[in-house]
Structure formats: structure tokens, C-alpha cells
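Here is the naming used below: chain letters follow the sequence lines, and residue numbers restart at 1 for every chain. Model, not experiment: these values are computed from the prediction.
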Amino acid sequence: MSYLGRRLLHSVFILLGVSVLSFLFADLAPGDFYSALRADPRMSPQAVEAMRQRAGANKSFPARYGDWAVSSLHGDFGYSLAFNAPVGPLLWPRLGATLLLTSTATLLAWLAAVPLGVWQASRRNRWSGRAVLTFLLAIPDLLLALGALVLAVESGLFPLGGMVSRGFAEMSSAAQVRDVLRHMALPVSVLALGMLPVLARHVRAAMVEAMDAPFALSARANGIPQARLLLRHVLPAAMHPLIALFGLSLGTLLSASLLVEVVMGWPGLGPLFLEAVTARDFGVVLAVVMLSTTLLVFGNLVADLLLYRADPRIRAK
Amino acid sequence: MKLGLAFLIAIHAAVFLAPWLAPYDYAEQHRDFAFAPPSRIHIFDERGSVHRPFVYGVVQDLGSGSYREQRGAAYPIRIFAGGSLVGVDSPGALFLLGSDGFGRDVFSRLLYGARISLLTGLIAAMLSAGIGLLLGTLAGYFRGWVDQSLMRGGELMMALPWLYLLLAVRALLPLHVSTLRTFVLMIVIIGGIGWVRPARLIRAVVLSARESDFVLAARGFGASHFYLLRRHILPFTTGVVVTQATVLIPQYILAEVSLSFLGLGVGEPVPSWGNMLSEGMQYHAMVSHPWLLVPGFATVAILLAYLKVGDALTERTVTY
């Protein structure tokens with residue numbers, strides 16, 4: 001229990017540190033949303049000053065950080081100056097869209113990567129499969145996404161960009177599901193294909209390491225068939241690094257798809273973040289960074305919990 | 001491994017020699033030849049007799065936008081003419097990989113763009129490995145609070161989603177600055193974010209090295225910290241440092257390409273593989289002018305070579 005308590009406390013400290021750090025960064029940045037307004041000849045300096053006053057931009061740093069941290073904890077991320085709307089309602093639907101995309105892709109990638117990695121490990125020094133994986137690893141998501149766009153245009157089978165078709169609201173619910181699935185197909189495959197080689201390589205490495213252990217040799221010497229040896233004996237022993245990796249892929253659910261979303265026009269956090277970045281809208285930038293950091297820390301915490309369940313060595317410590 | 005290394009050396013040499021290899025300057029526009037396809041190089045003329053390699057002049061069909069060869073006008077390819085390796089005389093144009101929307105030669109821009117993309121990866125990886133070496137050595141050698149604070153700081157860095165962090169940091173800095181400053185900024189940002197992994201690995205190496213018998217013996221003879229680090233401990237870390245740098249380079253090249261692709265890296269007219277790709281992003285451009293995707297394929301080739309070399313190095317490096 002003290003182990004879990006320690007991990008939890010640790011996560012809280014990390015989040016605190018990240019929030020102070022990113023807030024500080026945003027604060028130290030030269031220029032902000034108002035500096036663009038100030039350059040606008042149609043705005044009087046007094047009006048800009050009044051806007052700053054109202055937004056509390058003239059308070060001291062700790063006071064502003066405190067205000068921001070407290071309201072963020074309540075799920076209120078302040079007001080987006082560039083989009084002229086509260087950040088929260090801007091964020092939530094996009095958060096859902098991103099999660100839908102990435103969780104499907106992550107699930108698919110894992111489902112494919114574990115058998116693939118195990119299979120690769122079982123025939124370790126034959127390099128045919130490895131070459132394909134390395135080749136896949138070298139193809140950036142960016143290019144995969146562009147290629148998928150070409151495919152969509154040429155074949156005409158898939159819609160280009162967006163999450164729903166026009167007239168979505170009038171469709172029956174079955175048609176709505178079908179419509180979203182059709183829009184998801186390409187971005188999900190691109191993402192999953194991008195994750196697959198990384199995961200499969202890790203699975204393979206972990207398996208190879210576990211296969212070198214004496215227990216695997218003795219199991220083999222006892223005549224346990226290859227398939228059973230791999231799945232029942234070696235795979236559980238190789239679990240430790242894989243669980244940590246699983247935590248990481250859980251944690252990157254919000255940040256893994258930025259490029260794919262931007263290229264393929266998926267209405268997720270990525271395009272919003274990019275727009276906020278170029279508009280220097282720090283409210284949105286900070287909110288997105290904090291959300292994805294929270295998820296990353298949460299993913300690590302889940303991995304710790306799973307490790308605690310799966311690995312008796314940790315419980316003994 | 002050897003193949004990959006040879007390929008990388010050849011590419012880097014070609015990029016270094018870009019001003020002499022490229023037929024045109026990266027910013028030179030040929031407004032009459034927008035989106036011209038790759039030039040076809042002939043050695044037979046219409047009558048079937050053999051010539052030295054030449055290209056025909058091309059004219060654009062204004063209705064469809066497609067290009068047609070003009071059989072009347074042949075331009076022989078000249079070697080070492082006008083200061084570059086290959087070129088043709090002026091009314092003709094030699095686009096080995098086609099041209100972009102401004103009629104700029106994609107091949108020349110690919111070579112010049114590689115300077116930004118590859119160099120960012122290379123220097124940023126050295127920066128990361130350097131910071132990692134310094135901090136990892138300090139943490140591993142001196143232990144105590146130095147170790148604690150550096151490793152906790154590292155965990156903080158690891159907790160941040162890196163692409164978001166990259167964009168956020170880039171956003172907080174001025175968006176429109178000169179090319180050189182953007183270049184340096186990108187290197188500092190990309191390299192400054194990724195030091196944690198090398199630092200951890202180096203720390204582990206230093207930790208085990210400082211307990212080895214010969215280090216203890218040297219300390220017993222009264223060797224100073226500086227002497228111990230320089231003569232006995234740092235040589236142990238070279239393998240890890242080189243391997244880590246090699247593993248980081250492809251990631252950083254990708255980071256640069258992504259940043260420029262999103263419009264946050266170096267800006268026009270200076271080419272980088274990322275901002276060249278972003279021009280190909282409009283799907284009509286991609287389908288009708290597929291040669292605009294060439295920087296993407298170049299990235300794949302480079303990444304593949306680096307991955308091969310990195311894998312081979314990782315397998316060779318003894319881990320402690």
C-alpha cells in the first residue's frame with residue numbers, strides 16, 4: 001500500500017511541477033495575445049489596458065498562477081481570447097473526437113503487435129519480418145497520412161477529412177454510427193500502422209530477453225511444445241516492460257495523433273492546438289498541455305498499478 | 001550497417017556540396033514552368049540517331065495545365081556549366097524531380113532543404129547527447145542531492161508529451177524571425193527536450209564504472225575527481241553516447257520535418273523537407289503532381305539508414 005501511496009504522491013508532484021513550469025514558460029514568452037491587439041491601430045491603448053485589467057493580466061505571477069490552477073482543477077480553463085469562447089466547451093467535444101480516434105487505433109495496434117512480436121521472437125534470427133518492421137518504422141506518420149489522402153481521392157471509397165458527413169443530425173442512429181466509422185477508417189489505420197512497428201519491436205525484444213532465461217531452456221528441455229512455451233511461459237515473464245509500454249500508450253492517447261489529425265482534418269485536439277499556437281492563445285495551449293500531461297501521468301500510474309499486480313518482485317520490495 | 005553508413009555518408013556529402021550539385025538556386029523561380037513534371041532525358045532524337053543526353057523544351061497546355069515536349073528545341077545537358085554539375089542552356093529547363101508551384105526545381109530544393117533537415121537532426125542530437133553526458137556523469141559520479149534533483153527533473157521532462165511541448169515552446173518564442181535564428185532555435189528546443197534518456201543511460205554506466213576495482217584503486221592512490229572522470233570513467237561512456245546520439249538523430253530529423261510541415265520551422269523561400277511537403281499536402285496537388293512528395297520519400301530513406309546503423313550500434317554496445 002505504501003508503494004501505491006508513494007506512486008500517487010509522486011504523480012501529484014509531477015503534475016504540480018509541470019503546471020508551474022508551463023505557466024512560467026507562457027509567462028516569460030515575449031509578446032502575448034494583447035501585443036497583437038496593441039499593434040492594431042483601431043484599438044486604443046486604454047481599451048487594451050482595460051481588457052488586460054479585466055483578465056487579471058496585471059496581477060503578480062503567484063496570484064495569477066493560483067487563480068489559474070484553482071479554476072483549472074474545477075475543469076474551467078479560462079477564456080480563449082482567439083476563439084472568443086470559454087476554453088472548456090471548446091475543448092471537450094474535441095477531446096472526445098481525439099480519444100475515439102486514438103483509443104481505437106491503440107487497441108488495434110496492440111492486438112496486432114503482440115502476436116506479431118511473439119511470432120518474430122520465435123524465429124529470431126530470420127530477418128525477413130524484421131526488415132518489414134524496420135521499414136514501417138522509418139515511414140513517418142506524416143507520409144502515411146498523405147498517402148492515405150491520395151488513396152481516398154483515387155479510390156473515392158473514403159470521405160476526405162472531418163468526422164461526420166453533412167446532414168449528420170438528420171440520420172438515424174445506425175446511419176450515424178456507420179458514417180463516423182467510415183470517416184474513422186483511414187485516420188485510424190494510419191495511426192495504428194504508425195504505432196504497430198514500435199510496439200511489435202518492443203514485444204519482440206522483451207520476448208527474446210525472456211526466452212534467454214534458464215527457465216525457458218528447462219521448459220523446452222521438458223518437452224513443452226513451442227506454442228505453449230511461448231504463450232504460457234515466456235510471454236508472462238516478458239510482461240514487465242510491456243506493461244510499462246502499455247502505460248505509455250495509454251498516456252499518449254491525447255498527444256499521439258496531432259499530425260495525423262492536422263493532415264487528415266480530424267476535428268480533434270491537434271488542429272485546435274495548432275491554431276491556438278499560431279494565435280498565441282496561451283489559455284488553450286496551457287489547457288491542452290495540462291490535459292495531455294495529466295493523461296500521461298495517469299497512464300504511468302496505471303502501469304505502476306498493473307505492475308504491482310503482475311510482478312511479485314515489486315510487492316516484495 | 002555498412003550499407004547504411006555508406007548511404008548516409010554519400011547523402012551528407014551530396015548535401016554539403018549542394019551549391020555545386022544543384023542545377024538551380026533554391027529560390028530561383030521559373031514562372032513559365034509551374035508544376036512541370038520531371039524532365040525526360042533523351043539520347044535518341046526523332047530520327048533515331050544517338051546524341052549526348054539532352055532534354056526537349058516543354059510548353060504548358062494552358063487548358064489542361066499539362067506539359068508537352070517540343071520536339072524542335074533540344075537542349076544538351078552540359079556538365080560543369082555555369083558553376084553546377086549539370087545544367088542546360090537558358091530557355092530550356094532541367095527539372096530532375098519536377099518543379100513546384102513557383103516553378104522552382106524540386107531537386108535543387110531537396111538538396112538545399114536537406115541542409116536544414118539533416119543538420120538540425122545531427123546538431124540537436126549532439127546537443128542532447130552532450131547535455132545527457134554532462135548531467136548523467138555528474139549525477140552518477142557525485143550521487144546525493146545532485147543525482148536526486150537531476151533525476152527528478154528528468155522525470156518531469158519525461159512526463160511532458162514531447163510534440164505538444166515542442167509546439168508550445170516554439171509558440172512562446174517569436175514566430176517570425178530570420179532563418180538562421182529559427183534554425184538555431186529549433187536545434188535548441190529539439191535538442192534541449194530530449195536529454196533525459198541519454199542522461200539516464202549514462203548515469204547507469206557511470207554508476208557501475210565508479211565502483212569498479214581500478215577506479216577504487218586509482219582513488220586509493222589519491223586521484224582527483226577530474227582525473228578519475230577523464231581517464232577512467234568517461235571512456236566507458238563513449239559507446240552509450242554514440243549509440244544514443246545515433247538513435248536520436250532520426251527522431252530529431254522527424255521532429256524538424258514535422259515542425260516545418262506545420263509551419264513553425266524555417267519559412268519560405270528557404271526549403272526544408274517539412275515545408276516542401278506541406279506544399280504537397282493539398283490533395284489535388286498530391287494526385288496530379290506526385291513528385292512534390294519526394295521529400296517524404298527522402299525522409300524515409302534517411303530514417304531507414306539511421307535506424308539500421310542505430311540498431312547495429314545498439315546490438316554491439318555492451319550494456320552494464
Side-chain angles (χ1 to χ4, degrees), chain A residues 10-11 13-15 17-18 21-22 25-32 130 134-135 137-143 145-147 149-150 152-154 160-161 201 251-252 254-256 258-259 262-263 269-270 273-274 276-282 285-286 288-289 291-297 300, chain B residues 4 152-153 155-175 250-251 253-255 257-264 273-274 277-278 280-288 290 292-293 295-308 310-311 314:
Chain A
H10 186 221
S11 309
F13 270 116
I14 292 261
L15 275 184
V18 169
L21 216 63
S22 39
F25 252 130
D27 206 59
L28 292 178
D32 53 11
R130 269 180 87 186
T134 316
F135 185 64
L137 193 66
I139 302 181
D141 283 6
L142 192 63
L143 203 64
L146 289 174
L149 279 187
V150 175
V153 176
E154 294 281 277
L160 274 176
R201 269 168 75 104
T252 49
L254 284 182
S255 45
L258 190 143
L259 272 175
V262 170
V263 176
L269 282 179
F273 184 73
L274 194 64
V277 160
T278 32
R280 311 177 82 65
D281 186 352
F282 295 139
V285 173
L286 277 179
V288 175
V289 168
L291 274 180
S292 43
T293 309
T294 312
L295 195 68
L296 207 59
V297 170
N300 283 335
Chain B
R152 291 293 94 78
E155 272 171 35
L156 214 64
M157 296 288 289
M158 297 269 265
L160 286 161
W162 71 268
L163 190 56
Y164 279 79
L165 186 67
L166 210 61
L167 289 181
V169 175
R170 182 65 188 85
L172 304 176
L173 300 165
L175 280 178
Q251 293 177 18
I253 291 177
L254 204 55
V257 170
S258 310
L259 266 186
S260 307
F261 179 82
L262 296 173
L264 296 168
W273 288 359
L277 265 182
S278 70
M281 189 171 93
Q282 287 86 16
Y283 49 79
H284 60 84
M286 232 163 22
V287 174
S288 46
L292 289 180
L293 290 182
F297 296 114
T299 315
V300 174
I302 288 283
L303 293 192
L304 198 58
Y306 268 118
L307 282 174
K308 281 276 175 215
D311 274 359
T314 314

Taking all heavy atoms of B:L303 and all of A:A138, pick out the closest pair and write down the distance.
CD1-O, 3.4 Å

Counting heavy-atom pairs under 4.5 Å with chain B, the top scorer among A:A256, A:G17, A:S11, A:G251 is A:G17

If one checks every heavy atom of A:T252 against chain B at 4.5 Å, the contacting part turns out to be neither

Select one option (side chain, backbone, both, neither) describing which atoms of A:I14 are under 4.5 Å from chain B's heavy atoms.
both

Of the backbone (N, CA, C, O) and the side chain (C-beta and beyond), which part of B:Y306 lies under 4.5 Å from a heavy atom of chain A, both, or neither?
neither

Distance from B:L254 atom CG to A:I139 atom CD1, nearest 0.5 Å?
12.0 Å

Between CG of B:L293 and CG of A:L146, what distance do you get to the nearest 0.5 Å?
6.0 Å

Chain B contact via A:L286 - which portion, at a heavy-atom distance below 4.5 Å
neither

Here the pair of heavy atoms bringing B:L304 nearest to A:T134 is CD1-O, 3.6 Å

Checking B:D311 now: which residues fulfil salt bridge (charged side-chain N to carboxylate O under 4.0 Å, His left out) with it, not counting sequence neighbours?
A:R201

Measure distances from A:F273 to the heavy atoms of chain B and classify the residue's part below 4.5 Å as side chain, backbone, both or neither.
side chain

Residue from A:L274, A:L269, A:V289, A:N300 scoring the most non-hydrogen pairs under 4.5 Å with chain B is A:L274

Say you draw a straight line from CG of A:L142 to CH2 of B:W273; how long is it, rounded to the nearest 0.5 Å?
13.0 Å

Heavy-atom side-chain contact between B:L262 and A:V262 under 4.5 Å:
yes

So which residue, A:L15, A:V297, A:V18, ends up with the most heavy-atom pairs under 4.5 Å with chain B?
A:V18

